[in-house]
Amino acid sequence: MSRYDPATTEASWQRAWNAAGAFTARRDPDRPKYYVLEMFPYPSGRIHMGHVRNYAMGDVIARYKSACGYSVLHPMGWDAFGMPAENAAMERGVNPKDWTYANIADMRAQMQPLGLSIDWSREFATCDPEYYGQQQSMFIDMLAAGLVYRKNAVVNWDPVDMTVLANEQVIDGRGWRSGAVVERRELTQWFFRISAYSEELLTALDGLTHWPDKVRLMQANWIGKSRGLQFAFSTVGAPDGFDRLEVYTTRPDTLMGATFAAISPDHPLAKYLERHDPAVAAFVAECRKVGTSEEALEKAEKRGLDTGIRVRHPFDTAWELPVYIANFILMDYGTGAVFGCPAHDQRDLDFARKYGLDVLDVFTPTTRDDRVEDQAFVPLKSEPVRYVRGFAGSDLQTGEAAITAAIAFCEANGVGHGVTNYRLRDWGLSRQRYWGCPIPVIHCASCGVVPEAKANLPVRLPDDVTFDKPGNPLDRHPTWRACTCPKCGAAAQRETDTMDTFVDSSWYYARFTAPQAATPTVAEDAAYWMNVDQYIGGVEHAILHLLYSRFFARAMHATGHLPASAVEPFDALFTQGMVTHEIYLTRDNTARPAYHLPEEVEDGKLKATGQAVEVIPSAKMSKSKKNVVDPLAIISAFGADTARWFILSDSPPERDVEWTASGAEAAFRHLGRVWRLADECGKRGGGDAAQDPALIRATHRAIHEVTQGIEGFAFNKAIAKLYEFTNSVAKSDASAEAKTEAMRTMAQLMSPIAPHLAEDIWAMLGGAGLVAQARWPKADPALLVSDHVVLPIQINGKRRAEISVPKDMAPTEVEKLVLADETVIRVLAGSPPKKLIVVPGRIVNVVI
RNA sequence: GCGGAUGUGGCGGAAUUGGUAGACGCGCAGCGUUGAGGUCGCUGUGGGGUAACUCCCGUGAAGGUUCGAGUCCUUUCAUCCGCACCA
């Protein structure tokens, strides 16, 4: 071998690792365990750079921990249920199962050249009946434990295709295929009782000290604990059975500023009026022509309809407020009804202005001018304000104190009670779709809803389904629904809803600890491997997937499938950024712009025609913008190590990284340089000096800094240190032996990031066995510190000079040296400094 | 609309968490190697000023705290992510 040749060596090292069983996870009571997990992929059929980044990071950790002596579990699987398979079935007539498994085979083949240290013997897909059957078994346990129940909930309904739509299938309020205006419709659906864990999921966030603060904050906000007042207005002119209207407010201190009440279009009162009043029916129908997403509801133009009904203010029964149906009131939060205080809520103010309602100030600012027209005065709750319509005269107090006082006052006067509320809603898991885990229940005419007997699990999806019509193929399957009731034995029908794919991904981490077991988990395996020590994935999962997994682990514990120690399944979490690329496009006359793949562009011109392209700043790689780079193309051009090295080198892992061709080439050049360096000291020897103290120091500094970089998830810094170390070796005139020693350490330090090249070097320089199985080097602390430090001298905070002093020199001695410095003498010009600050080992500041 | 984040040279980023701003890499320039190009090896490179110095300015913008601010505080602008049926 005479040059760096990843095309041949990478595959052979992968064979060597497999032959050595280097990555097979084993329960080893004598070693500490380490479980590294990257969020498993959806098998779209093609790996992309985002996958490469995610798995490269996990691989660095896995290989590093393995070198540190841990027994490592680093598995891979497939999040294989979901809509894309059904879309492919509709568009191309393929079977979702065949399509999915073919994709899995393709993606596995694309992943293997990356040389990841994965234990492939544990691989599974969530669409394997062996997996989803265990999931059904747990569903039945959770149903028995009261963690699952049924209730009505709204879905997006396409009135033309007569089918339920996902939020992403609703474009501008219309169905993506039919183009029909989408409606909200109620269906009976299955729910997980996640709200029973609201408080626990919130307080337990404090213990997740190795999670990013932003993720914990987002989860806390999502759970949305609030303290407020719930009370009932008495109504005037309302239909029978609606003589009270329950409302919830987080600002009871503004009750005296209420000028209207508003209810959700989905509120029972609104539904009653809808049936009896054509004007209300028309308005509510309009409101329902908005999707179900909170975003769509909140962004929609604020509209209301006066019902003619009035409510009496609880503290002045002669004071009547109008009741509106308003499209921005959410039925799912609080009681679905509120009072409006326009003076201190922007949305209420906009509404009041639109419908000519009064605005009554409850408090006024103490520090600024009076309220600006059309801008509600909404101070922080901690800001003191002067109450002019409070409950205890014109006090100066904070909103916080006033809210507490208001709740106490209302309770004392029999107006409602203080309640704690959570924004978190129960998790609706029903999907009216085929390609998901069947919900294992049976509808029996005499017994009602009955769980399937565990002996009959898994409830398998039928393979012979058709997608020529919209709707759920399970509903119209000729035989699949027919079954017998496990309770009475009578003919009955299967549930045709399947589970949300988030259920599949809420426990796969536990299944990896015993992937072939006949029960969902195995106690000894779960006890040994759980928890996941390091979980890595995108921030887009910061809320839903992670919250659902935290709930599911608790539910699994409650049903005996996980130990109590595993209710927080992910000890440490790392959220990585996206991979971006510039976008290239050309515009021809009025036609919409044409996008071009990076490989079709060179020097700002199309390779084929020479036409200049417009360059749009880097954005997330996406097929529609064609700003994608195929990892396989990079691997075949430069090798996997280059792809891994570059994608980890250029940005901090939590931030977005821009893929650039020049950066990838630079990574390849560097790896080649390291290879040649090793080749030279292996063959022709080094310089004259037998030993080079600077090189030894550099080696130990590199060990220390690369280790720190990996431990601290700063792979970009670890790589920068490896560049520095390479420069140190190249510059050193040490002997061949000394350089060989340094380069062996180089191989070890590079091995988590560029594992194949590391093996090349290790073998060239006579390392024993595989570097993948070598122990991580240790830095000698004595070699990390130098005995002299360079102290910058600042004059009025600006660096003007520097002195070199012994590391431990006393500050008084340093002061003498500073005052003797010629720059300092010149600037002081004879007068003494006003102040002289010496920060030992850091800096000196002379104030004049 | 609500919630979360990010902003530093021509570019990606570093800065021991309040202590030398720009490590390392890209790009660019010069020199050497090579028949040319590429590779490879050295050297230089924030902006401005000067014959020269270490003279001025510099971390999205504006204010503030401090001996000292990229880092802390206030206001503001821009971009990105999530919003419960996308995975």
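Here is the naming used below: chain letters follow the sequence lines, and residue numbers restart at 1 for every chain.
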**Item:** Neighbour count >12 (heavy atoms, 6.0 Å) for atom CZ, A:R303
**Value:** no
**Asked** Within the structure shown, what part of the strands sits under 4.0 Å from A:T823 by heavy-atom distance: base, sugar-phosphate, or nothing?
**Response** nothing
**Item:** Euclidean distance, atom CE of residue A:M218 to atom P of B:G82 [Å, nearest integer]
**Value:** 11 Å
**Fill in**
Between CG of A:L573 and C1' of B:A5 the distance, given in whole Å, is 15 Å
**Asked** If we take the P atom in both B:G68 and B:G58, what is their distance in whole Å?
**Response** 15 Å
**Request:** Could you work out which one of B:C57, B:A84, B:G27 sits closest to the side chain of A:K798?
**Result:** B:C57
**Prompt:** Base, sugar-phosphate alone, or nothing: which one does A:A542 contact when heavy atoms must sit under 4.0 Å apart?
**Reply:** nothing
**Prompt:** Taking atom P in both B:G60 and B:A15, what distance in whole Å separates the two?
**Reply:** 16 Å
**Nearest-angstrom distance from the residue atom CZ of A:R676 to C1' of B:C40** = 6 Å
**Name of the residue among A:D158, A:N87, A:T163, A:D161 meeting side-chain hydrogen bond (donor to acceptor under 3.5 Å, both in side chains) with A:R177** = A:N87
**Asked** What's the closest nucleotide to the A:A166 side chain, out of B:C86, B:A21, B:G82?
**Response** B:C86
**Prompt:** Taking the chi torsion of B:U17, is it syn (within 90° of 0) or anti (everything else)?
**Reply:** syn
**Message:** I want to check one thing: is the phosphate of B:U39, taken as OP1 and OP2, less than 4.0 Å away from some side-chain N or O of A:R673?
**Reply:** no
**Message:** Over all strands shown, is A:L424 touching base, sugar-phosphate only, or nothing at heavy-atom distances under 4.0 angstrom?
**Reply:** base
**Asked** On a whole-Å scale, what distance lies between the C1' atoms belonging to B:G9 and B:U59?
**Response** 10 Å
**Message:** I'd like to know if the side chain of A:T496 pairs up with that of A:D475 as donor and acceptor (distance under 3.5 Å, no hydrogens or angles considered).
**Reply:** yes
**Prompt:** A:D345 has an atom CG; how far is it from atom P of B:G1, in whole Å?
**Reply:** 14 Å
**Asked** Rounding to a whole Å, what distance do you find between A:I543:CD1 and B:G4:P?
**Response** 10 Å
**Request:** Measure the CH2-CE distance between A:W659 and A:M49 for me, rounded to the nearest 0.5 Å.
**Result:** 3.5 Å
**Asked** Do A:N152 and A:T188 have side-chain atoms, one donor and one acceptor, less than 3.5 Å apart?
**Response** yes
**Asked** Given the C1' atoms of B:C24 and B:G19, what is the spacing between them in whole Å?
**Response** 22 Å
**Fill in**
Result for ring pair (Phe, Tyr, Trp, His ring centres under 6.0 Å) between A:W427 and one of A:W190, A:F502, A:Y548 points to A:Y548
**Request:** Locate the shortest heavy-atom distance separating A:Y723 from A:A666; write the atom from each residue and the value.
**Result:** OH-O, 4.4 Å
**Complete:** A:D504 atom CG is separated from B:C86 atom P, nearest whole Å, by 14 Å
**Asked** Is it true that the side chains of A:R655 and A:Q576 contain a donor and an acceptor less than 3.5 Å apart?
**Response** no
**Any A:L37 side-chain heavy atom under 4.5 Å of A:Y508 side chain** = yes
Set out, line by line, the N/O atom pairs under 3.5 Å between protein and nucleotides 66-73 of chain B.
{"unit_1": "B:C67", "atom_1": "O2'", "unit_2": "A:N845", "atom_2": "ND2", "d": "3.2"}
{"unit_1": "B:C67", "atom_1": "O2", "unit_2": "A:N845", "atom_2": "ND2", "d": "2.5"}

**Request:** For B:C56 versus B:U50, give the span between their P atoms, rounded off to a whole number of Å.
**Result:** 16 Å
**Asked** Centre of A:W211's six-membered ring, under 6.0 Å away, within 45 degrees of the axis: is that where NZ or CZ of A:R216 sits?
**Response** no
**Request:** Say whether, by atom type as modelled, one donor and one acceptor occur between the side chain of A:S195 and the main chain of A:S198 under 3.5 angstrom.
**Result:** no
**Request:** Please state whether the phosphate of B:C80, meaning OP1 or OP2, lies under 4.0 angstrom from any side-chain nitrogen or oxygen of A:R655.
**Result:** no
For nucleotides 22-24 of chain B, tabulate all protein N/O to nucleotide N/O atom pairs closer than 3.5 Å, reporting atom names and distance.
{"unit_1": "B:A23", "atom_1": "O2'", "unit_2": "A:E724", "atom_2": "OE2", "d": "3.0"}

**Message:** Between B:U16 and B:C11, how many Å separate the two P atoms, rounded to a whole number?
**Reply:** 23 Å
**Item:** Any donor-acceptor N/O pair under 3.5 Å between B:C83 base and A:E295 side chain
**Value:** yes
**Request:** Only stems of 3 or more consecutive Watson-Crick or G-U pairs count here, both distances under 3.5 Å; name the ones for RNA chain B, or none.
**Result:** B:1-7 with B:77-83, B:10-12 with B:24-26, B:27-32 with B:40-45, B:46-48 with B:55-57, B:60-64 with B:72-76
**Item:** Nearest-neighbour nucleotide for the A:V839 side chain, B:A14, B:G19, B:A21 considered
**Value:** B:G19
**Asked** Does any donor atom in the side chain of A:T575 or A:Y535 lie under 3.5 Å from an acceptor atom in the other side chain?
**Response** no
**Item:** Atom pair distance, as rounded to whole Å: CG in A:L547 and P in B:G82
**Value:** 17 Å
**Asked** Can you find a heavy atom in the side chain of A:E38 that is under 4.5 Å from one in the side chain of A:R53?
**Response** no
**Message:** Regarding A:W427, tell me which of base, sugar-phosphate or nothing describes its non-hydrogen contacts under 4.0 Å with the strands shown.
**Reply:** nothing
**Message:** Please give the distance between the P atoms of B:C53 and B:U45 as a whole number of Å.
**Reply:** 13 Å
**Request:** Map A:E802 and A:E298 onto RNA chain B by nearest heavy atom, then report which one ends up closer to the 5' terminus.
**Result:** A:E298
**Item:** Same-atom distance (P) from B:G38 to B:G44, integer angstrom
**Value:** 22 Å
**Message:** If the glycosidic angle sits within 90 degrees of zero it is syn, else anti. Tell me which applies to B:G27.
**Reply:** anti
**Request:** Between A:T501 and A:T292, just flag the one whose closest nucleotide in RNA chain B comes earlier from the 5' side.
**Result:** A:T292
**Request:** Grab the CD-P distance between A:E658 and B:U79 for me, whole Å please.
**Result:** 18 Å
**Request:** Taking all heavy atoms of A:S651 and all of A:N716, pick out the closest pair and write down the distance.
**Result:** O-CB, 3.5 Å
